[in-house]
J.: 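Sharing a structure here in structure tokens format.
Everything numeric here is computed off the predicted structure, so don't read it as measured data.
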Amino acid sequence: MHVVDMSAANRKGLSLFALIMIGLGSIFGSGWLFGAGQAAQVAGPAALVAWVIGAVFIGMIAMTYAEVGAAYPLPGAMARFGSISHGPVLGFVTGWAVWIATASLIPIEAIAGTQYMSSWSFGWARGLVADGSLTGTGMATALLLTVALWLACYWSVELLARANNLLTLVKFAIPVLAVGALIASGFHTDNFTAHGGFAPNGWSAVLTAVTASGVVFAFNGFQAVVNLGGNAKNPGRAIPLALVGALSLGLVIYLALQIAFLGAVPPERLAEAGGWNGINFASPFADLAKLLMLHWVVTMLQFGAFISPNGANIGNVASAAYLAQNLADTGFFPKKIAEVHPRYGVARPAMWLNLGFSVLLLLTVGHSWEALASVVSAAMVVSYLMGPIAVGVFRQTKPDLPRPFRLPAASVLCPITFAFAACALYWSKWPNTGKVAVLTLVSVPIAAVVLRRRGGTSLRRQFAPAWWMVTFLLWLALLSALGSAEFGGHGVIPGGLDITLVAVSAVGFYFWAVRAGVQAHRAGLPDPDPVLDAPAAGTAPVPAPGQRRPETVAS
């Protein structure tokens with residue numbers, strides 16, 4: 001994810017090309033280094049279908065955020081829609097989910113760089129990974145990379161941000177060159193049909209690959225367009241076009257990477273492994289290039305493994321800090337977390353919080369990119385839920401809201417998009433769904449404690465607009481635990497019926513959520529509207545990163 005000097009952006013306005021580059025640069029973090037290899041192992045050649053499904057899903061989510069993002073051009077906007085639509089409790093729960101998903105990217109990018117370091121020819125490097133997981137030395141190296149990038153941003157984000165365009169071009173060129181080299185080395189078309197056919201593990205594996213194999217993770221960079229698109233010269237035009245442009249280019253490159261990987265694996269290696277399930281490279285493209293004796297490609301990929309993840313992590317550190325600031329500004333995190341250093345312009349207490357969270361993830365579930373990516377992808381899906389709901393609520397409660405971009409057929413597309421998100425969360429498999437539900441719902445008792453200390457409006461009244469989210473996450477976790485074994489469940493609910501239940505019930509939850517938002521507005525629970533209630537000029541104040549906005553308390 002890219003970091004942009006917001007003050008400069010506000011003066012000049014981001015061009016459409018710049019916004020597309022921000023989105024594309026954010027999409028190419030560590031996802032391209034591991035996504036193709038992991039998806040092939042899970043779904044075989046049908047991984048190609050998983051990339052298309054993932055792009056369509058993220059595209060639908062992105063278009064809902066295009067409407068609300070263009071209407072509310074606020075930095076870190078994805079963490080604020082919940083409070084504008086439903087009030088402080090849901091605002092904190094959804095803001096917490098977005099923060100968890102973003103802060104989790106910090107250690108996963110460091111893990112990606114470490115796993116690719118294991119392909120180096122040095123003896124110590126080969127000891128970083130054993131049996132597909134980081135060793136003690138590997139964990140220490142990942143921790144060192146995390147702290148190093150964190151320190152660089154701790155002293156100054158602006159200095160590193162100046163290299164964004166160059167980093168994007170390099171990140172774009174390396175996978176393109178790798179695709180060309182792998183295909184030119186020998187392309188085996190039989191790989192697409194041998195060893196179980198095109199979908200050797202069934203179509204349920206294709207759906208699982210969408211979330212558990214890093215496909216959703218790879219496309220998550222669209223958030224940068226939404227969060228920074230308000231600073232474009234013409235947000236209503238630029239945001240949707242930049243989203244379509246970045247996602248389309250990203251899909252083309254990811255499909256090319258997947259095709260190159262599937263066709264370049266030597267058939268004899270595939271036979272020895274017993275099919276795609278046995279192809280388990282610690283550094284997929286680098287290890288494959290070694291097999292094919294493409295030494296220059298190995299060197300290029302090893303260089304790219306530092307550029308892509310660690311370059312993306314510059315933005316992750318800054319973005320996670322800004323999200324933590326938002327939660328502090330609304331009073332749910334300690335106020336000290338939002339304090340900005342007068343010289344370096346960064347919220348150092350927020351960065352310390354995120355560093356602690358990164359270390360915790362590294363030491364608990366961060367034993368490999370694959371292990372952490374499945375949980376992070378599920379957390380990302382939870383953070384996407386507010387897009388279609390916010391569109392539905394604002395269409396009813398804020399008819400006069402200026403909308404530079406209007407989602408066509410929103411009354412049909414929004415419930416379908418929400419149902420798609422629910423299915424994607426289910427596809428992430430049990431127990432990942434349960435883990436993410438628990439991680440998200442930890443915010444509920446925190447919200448209760450904070451609101452009780454504030455006093456004023458009763459907790460029952462303030463929690464009313466958020467119960468749909470609590471119930472939804474518990475319901476999805478229950479369905480996941482009882483669902484078919486294909487998605488990690490205990491098989492109580494047979495295959496086919498499980499996904500039908502998820503999709504149909506999700507539509508019901510969508511309308512419950514929209515109704516809850518409408519009722520919250522009637523009760524006066526949401527924060528003052530930053531556009532319609534803005535002083536004097538009636539335009540949305542867009543604070544620079546680190547700038548405090550006035551605290552609002554539901555009354």
J.: With a 3.5 Å cut-off and sequence neighbours excluded, list the donor-acceptor pairs that the side chains of residues 414-430 form with protein atoms.
T.:
| from | atom 1 | to | atom 2 | distance (Å) |
| --- | --- | --- | --- | --- |
| Thr417 | OG1 | Leu413 | O | 2.7 |
| Tyr426 | OH | Asp498 | OD2 | 2.7 |
| Ser428 | OG | Leu425 | O | 2.5 |

J.: Counting only N and O atoms by type, is there a donor-acceptor contact under 3.5 Å from the side chain of Asp287 to the main-chain atoms of Phe281?
T.: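 Between the backbone of Phe281 and the side chain of Asp287 there is no qualifying donor-acceptor contact (under 3.5 Å).
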J.: When rounded to the nearest 0.5 angstrom, what is the spacing between CD1 in Ile106 and CG in Asn354?
T.: 5.0 Å
J.: What heavy-atom pair brings Pro107 and Leu362 nearest, and what distance separates the two atoms?
T.: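 Shortest heavy-atom contact: CB-CG, 3.8 Å.
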J.: Going by the rule ring-ring contact (aromatic ring centres under 6.0 Å, His included), which residues pair with Trp96 if we only count those two or more places apart in sequence or in a different chain?
T.: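 Trp96: ring-ring contact (aromatic ring centres under 6.0 Å, His included) contacts with Phe92, Trp99.
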J.: In the structure I gave you, are the side-chain heavy atoms of Tyr384 and Val216 within less than 4.5 Å of one another anywhere?
T.: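 A side-chain contact exists here, since the closest heavy-atom pair is under 4.5 Å.
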J.: If you round to the nearest 0.5 Å, how far is OG1 of Thr440 from CG of Leu385?
T.: 9.0 Å
J.: Grab the two heavy atoms, one from Ile61 and one from Thr64, that are nearest each other, plus how far apart they are.
T.: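 Minimum heavy-atom separation between Ile61 and Thr64: O-OG1, 2.6 Å.
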J.: Test of understanding: with side-chain contact (heavy atoms from CB on, under 4.5 Å), list the residues that count as partners of Leu16, not counting sequence neighbours.
T.: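 With neighbours one apart ignored, the set is Ile20, Arg237, Ala238, Leu241, Ala242.
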J.: State whether the side chain of Thr135 and the backbone N or O of Gly138 hold a donor-acceptor pair below 3.5 Å, judged by distance alone.
T.: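 Judged by distance alone, yes, a pair lies under 3.5 Å.
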J.: Taking only residues two or more places apart in sequence or in another chain, which ones pass side-chain hydrogen bond (donor to acceptor under 3.5 Å, both in side chains) with Glu486?
T.: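 Applying side-chain hydrogen bond (donor to acceptor under 3.5 Å, both in side chains) to Glu486 gives none.
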J.: Can you find a heavy atom in the side chain of Phe357 that is under 4.5 Å from one in the side chain of Leu353?
T.: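 Side-chain contact under 4.5 Å: no.
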J.: Quick check: does any side chain N or O of Ser377 sit under 3.5 Å from a backbone N or O of Thr211, one acting as donor and the other as acceptor?
T.: yes
J.: Considering only heavy atoms from C-beta outward, does the side chain of Ile108 approach that of Leu372 to under 4.5 Å?
T.: yes
J.: Working to the nearest 0.5 Å, report the span between NZ of Lys290 and CG of Leu301.
T.: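 Here the rounded value is 11.0 Å.
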J.: Would the distance check show the side chain of Ser248 and the main-chain N or O of Val244 forming a donor-acceptor pair, the cut-off being under 3.5 Å?
T.: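 Yes; at least one donor-acceptor contact below 3.5 Å.
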J.: Test of understanding: with side-chain hydrogen bond (donor to acceptor under 3.5 Å, both in side chains), list the residues that count as partners of Thr94, not counting sequence neighbours.
T.: none
J.: Have a look at Ile253 and tell me which of Leu257, Leu251, Leu255 forms a side chain to side chain contact (heavy atoms under 4.5 Å, CB included) with it.
T.: Leu257
J.: Do Met386 and Tyr65 have side chains that approach each other closer than 4.5 Å (heavy atoms only, starting at C-beta)?
T.: yes
J.: Within the structure provided, determine whether Trp120 and Arg126 are in side-chain contact (heavy-atom separation under 4.5 Å).
T.: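 With C-beta onward as the side chain, the pair stays apart.
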J.: Mind checking side-chain contact (heavy atoms from CB on, under 4.5 Å) for Leu292 and listing every partner two or more places apart, or none if nothing turns up?
T.: Leu182, Ser185, Ala264, Pro266, Leu288, Leu294
J.: So, for His195 and Gly275, which heavy atoms are closest and what is the spacing to 0.1 Å?
T.: CB-CA, 4.0 Å
J.: With sequence neighbours excluded, tell me which residues meet ring-ring contact (aromatic ring centres under 6.0 Å, His included) with Phe34.
T.: Tyr116, Trp369
J.: Does a side-chain heavy-atom distance below 4.5 Å link Gln41 with Ile279?
T.: no
J.: Using the rule given for side chain to side chain contact (heavy atoms under 4.5 Å, CB included), can you reason through Phe261 versus Val265, listing the C-alpha separation, both sets of side-chain angles and the distance that settles it, and then say yes or no?
T.: CA-CA 6 Å; Phe261 183 88; Val265 174; 4.2 Å; yes
J.: What are the two closest heavy atoms between Gly31 and Phe217, and how far apart are they?
T.: N-CE2, 3.9 Å
J.: With Asn280, which residues qualify under side-chain hydrogen bond (donor to acceptor under 3.5 Å, both in side chains), at least two apart?
T.: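 Counting only residues at least two positions away or on another chain, Asn280 forms no side-chain hydrogen bond (donor to acceptor under 3.5 Å, both in side chains).
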J.: Could you list the residues that satisfy side-chain hydrogen bond (donor to acceptor under 3.5 Å, both in side chains) with Ser358, not counting sequence neighbours?
T.: none
J.: Can you list the steps and then say if Met380 with Leu105 is a side chain to side chain contact (heavy atoms under 4.5 Å, CB included)?
T.: CA-CA 10 Å; Met380 288 174 178; Leu105 297 175; 3.2 Å; yes
J.: Looking at Phe198, I'd like to know if its CZ atom is crowded, meaning that more than 12 non-hydrogen atoms belonging to other residues, nucleotides or ligands lie closer than 6.0 Å.
T.: yes
J.: Given side chain to side chain contact (heavy atoms under 4.5 Å, CB included), test Ile239 with Phe405 step by step and report yes or no.
T.: CA-CA 8 Å; Ile239 290 177; Phe405 169 75; over 6 Å; no
J.: Which value, rounded to the nearest 0.5 Å, describes the distance between Trp296 atom CH2 and Leu177 atom CG?
T.: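 Going from the CH2 atom of Trp296 to the CG atom of Leu177 covers 5.5 Å.
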J.: How would you list, by chain and number, every residue that makes a ring-ring contact (aromatic ring centres under 6.0 Å, His included) with Phe192, sequence neighbours excluded?
T.: Phe187
J.: Do Leu243 and Met63 make a side-chain contact, defined as non-hydrogen atoms from C-beta onward lying under 4.5 Å apart?
T.: yes
J.: Locate the shortest heavy-atom distance separating Ala390 from Val68; write the atom from each residue and the value.
T.: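 Closest heavy-atom pair between Ala390 and Val68: CB-CG1, 3.9 Å.
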J.: Can you find a pair of side-chain heavy atoms, one from His367 and one from Leu134, that are under 4.5 Å apart?
T.: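 A side-chain contact is absent here, since even the closest heavy-atom pair is not under 4.5 Å.
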J.: Can you list the residues that meet the side-chain contact (heavy atoms from CB on, under 4.5 Å) rule with His295, with sequence neighbours excluded?
T.: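 Listed in chain order: Met293.
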J.: Quick one: pull up OG in Ser443 and CD1 in Ile100 and give me the separation to the nearest 0.5 Å.
T.: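 Between Ser443 OG and Ile100 CD1, I get 9.0 Å after rounding to 0.5 Å.
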J.: Is a side-chain donor or acceptor of Ser480 paired with a backbone partner of Ala477 at a separation under 3.5 angstrom?
T.: no
J.: For Ala110 and Ala142, which heavy atoms make the closest approach, and how far apart are they?
T.: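 For Ala110 and Ala142, the tightest heavy-atom pair comes out as CB-O, 3.5 Å.
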J.: Under 3.5 Å, which donor-acceptor pairs do the side chains of residues 42-57 form with other protein atoms, sequence neighbours left out?
T.:
| from | atom 1 | to | atom 2 | distance (Å) |
| --- | --- | --- | --- | --- |
| Trp51 | NE1 | Gln258 | OE1 | 2.8 |

J.: To the nearest 0.5 Å, what is the distance between OG1 (Thr189) and CG (Asn191)?
T.: 8.0 Å
J.: Starting from the C-alpha separation in whole Å, work towards a yes-or-no answer on side chain to side chain contact (heavy atoms under 4.5 Å, CB included) for Phe487 and Thr433.
T.: CA-CA 10 Å; Phe487 296 105; Thr433 47; over 6 Å; no
J.: For the residue pair Phe285 and Trp32, categorise the inter-ring angle as parallel (less than 30°), tilted (30 to 60°) or perpendicular (more than 60°).
T.: tilted
